[in-house]
Amino acid sequence: MLALELFRSVPRYVAARAVGDRIPGLLAGPLAPLRLVTRDEPLPPADGWARVRPRLSGICGSDLATISGQASFYFSSLVSMPFVPGHEVVGDLFDSCEDLPAGTRVVLEPVLSCAARGLALCPSCAGGWTSRCDRITVGHVAPGLQTGYCSDTGGGWGGMFVAHRSQLHAVPDAMADSTAVLVEPLACAIHAAFRGRIEPGASVLIVGAGTVGVLTLLAVRAFTSAGLVVVVAKHSRQRDLALRLGANEVVDPNEAVTVLRRATHAYRLTPDHGSAYLLGEVDTAFDCVGSTSSLDLALRTTRAGGRVVLAGMPATGADLSPVWFRELELTGAYATGTELTEAGPRSTFDLAVELAGDAPLEGMVGAEYPLSRWRKALDHAFASGRLGTVKVAFNPRED
Ligand SMILES: [Zn+2]
């Protein structure tokens, strides 16, 4: 089968990291530690596993961070190389898998937790918090926090991958592939919204209006009774979408502090060095960009005792002074698991499949590329905010 493969290349990693995201054309070019290869199809490693043929597979911000060398070395021991990326997938079961017959259209819950690895459940998995699994480096398959970072399973950026029954969710017939491929990022956004523990009427700041930002906005409106919701958007084409999805105001990053001060009557202070900040501000902020400046903005505009949620893979280097001085709760929101809803505990993925069926997700997948055009696809994904594209996806069945 054809697949895109990410391989370990320290020189390319260092070069890509040095270039950063300033010259995107270079990142998808000679510096990318990615190549199109012909690989053997992966085989199910144990009972309860089956092969899946991807229909569409999204390009995630964490994929771009990995390819461009922006991801922390922290993750290097949580992956096995070379691996086929792709964890936002809709595909068809090639083999029957327990109660799911071959041919069932499925979406992938990518975390490779105890159940998939054939292990007795760790305390996190036993509690339904599979994203917090402690055993993601042992068991039936090689180390990998998720499918798409594991050398044994294949991934969505290839012609075939293998998945465990615990990772599979059937897709309703009426749901388009272009909607189903958004279920995984939507589930992550729903998890982030729950991690925000937003009280009724609370004010919310969402920094970023890319995929994570707009889906977090959707999830906050669907699963909480938030009051004022302000979205920080860098690009003009992201503004209309954020307003359509329920933002009360959409602001430019440079105007955010000024607009928030006006909206919430906070006090604005300007330090000797660095950007202005506020005292008395939003109750909960979500960093949906994962840059140093986006996290700084979230930390500097959240009220004392408020909560800041890292909704995407974070950058390093933010100033943690407000966390200490304003007694902020800084919390992560990684992948998915179980959410404590008013109706009791629910799988985040089940909530996402339901919300995706109702939500206005049409048009969010702005471009589909065959694997052979991967450089073009990555260029598009790196520039997606400016181009007004929410999600770029691969169609591994197309030539
Ligand atoms: Zn576990």
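Along the sequence shown, residues are numbered consecutively beginning with 1. In each ligand, atom 1 is the first atom listed, and ligand 1 is the first ligand listed.
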Charged N to carboxylate O under 4.0 angstrom, [X] versus [Y]?
X	Y	value
Asp173	Arg105	no
Arg261	Glu281	no
Asp47	Arg165	no

Quiz item: Sequence neighbours excluded, which residues qualify as ring pair (Phe, Tyr, Trp, His ring centres under 6.0 Å) partners of His380?
Solution: Tyr369
Quiz prompt | Residues in ring pair (Phe, Tyr, Trp, His ring centres under 6.0 Å) contact with His164, at least two apart in sequence or another chain | solution = Trp49
Quiz item: What protein N/O/S atoms sit under 2.8 Å from the Zn ion (ligand 1), by chain and number?
Solution: Cys114 SG, Cys122 SG, Cys125 SG, Cys133 SG
Quiz prompt | Listed partners of Arg346 passing salt bridge (Lys or Arg N to Asp or Glu O under 4.0 Å), at least two apart | solution = Glu354
